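These numbers were taken from a predicted model, which means no experiment stands behind them.
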Amino acid sequence: PLTVMGVLALFILAGVFLRASGARNGYVIAQKPPMGWNSWNHFGCNNLNEDVIKGIADAIVSTGLKDLGYTYVNMDDCWQINRTAERVIVPDPAKFPNGLPNLINYVHSKGLKFGLYTSRGSLTCQRRPGSYGYEEIDAKTYASWGVDYLKNDNCYPVSKSDPNTDRSEER
């Protein structure tokens with residue numbers, strides 16, 4: 001049976017192999033996987049707001065997690081409520097009264113990165129506005145806000161071409 005040291009040695013060897021083979025093929029291998037915090041498992045759609053996200057960013061820094069490589073603060077579903085007449089996604093002003101660009105700047109000021117959620121379908125999993133038909137507008141909006149990472153879910157896809165990923169009937 002493998003011991004803890006044996007498993008660790010296998011991981012180290014695998015890492016050396018992947019780094020060497022990746023470098024040979026022109027790939028850049030990350031030193032660490034993207035690590036951080038995501039709002040969904042604890043908050044879901046409940047009580048997620050600007051103060052919570054700021055508090056999490058502060059905690060990641062003050063507890064030393066940032067120094068260990070935890071650099072992402074990812075906000076999941078339920079931040080968005082509708083679209084403007086120009087088709088731009090609108091964050092919930094009750095939850096984010098100072099706007100997402102301000103919140104993202106706060107997270108960046110802590111030396112952290114900000115991640116945001118969307119869905120490729122017409123709606124998100126919680127029936128908020130999805131990105132289908134708005135992909136370019138949303139990408140430009142998220143980039144202008146300073147979003148560093150995008151979680152693109154697969155709820156309410158418009159195409160029923162893939163029954164393995166179409167979750168629209170679950171709702």
Under the disulfide bond (SG atoms under 2.5 Å apart) definition, can you give me all pairs with a residue in residues 32-71, not counting sequence neighbours? C45-C78
Do Y117 and W79 have side chains that approach each other closer than 4.5 Å (heavy atoms only, starting at C-beta)? yes
Do H108 and D148 make a side-chain contact, defined as non-hydrogen atoms from C-beta onward lying under 4.5 Å apart? yes
Using distance alone, with no hydrogens and no angle criterion, decide if Q126 and T124 have a side-chain donor and acceptor under 3.5 Å apart. no
Who are the side-chain contact (heavy atoms from CB on, under 4.5 Å) partners of D51, not counting sequence neighbours? N49
If the condition is ring-ring contact (aromatic ring centres under 6.0 Å, His included), which residues does F43 pass it with, not counting sequence neighbours? none
Mind checking whether D153 and D77 have side chains closer than 4.5 Å, heavy atoms only? no
How about I53 and M75: do any of their side-chain heavy atoms sit closer than 4.5 Å? yes
For the residue pair L48 and S39, what are the closest heavy atoms and their distance? CD1-CB, 3.7 Å
State, yes or no, whether a side-chain contact exists between Q80 and V90 at a heavy-atom distance under 4.5 Å. no
Got L100 and P91 here, is their nearest side-chain heavy-atom distance under 4.5 Å? yes
For K54, give me all partners under side-chain contact (heavy atoms from CB on, under 4.5 Å), at least two apart in sequence or on another chain. E50, L103, Y106
Tightest non-hydrogen contact, residues P101 and W145, listed as CG-CD1, 3.3 Å
Donor-acceptor pair, distance only, cut-off 3.5 Å: does the side chain of E135 make one with the backbone of G133? yes
Given side chains that start at C-beta, do those of C125 and W40 come closer than 4.5 Å, heavy atoms only? no
Single hit among L123, T118, I89, I81 for side-chain contact (heavy atoms from CB on, under 4.5 Å) with R128: I81
Apart from Y72 itself, what residues make up its hydrophobic cluster when side-chain heavy atoms of I, L, V, M, F, W and Y under 4.5 Å apart count as a link, directly or indirectly? Y149
When every non-hydrogen atom of V61 is compared with those of K66, the smallest separation belongs to CG2-CD, 4.1 Å
Give a yes/no verdict on a cation-pi contact between R83 and Y134, requiring under 6.0 Å between NZ or CZ and the six-membered ring centre and an angle within 45° of the axis. yes
Close side-chain approach of L116 and I104, heavy atoms under 4.5 Å: no
side-chain contact (heavy atoms from CB on, under 4.5 Å) against S122, all qualifying residues, sequence neighbours excluded: Y156, V158
K113 atom NZ, over 12 foreign heavy atoms within 6.0 Å: no
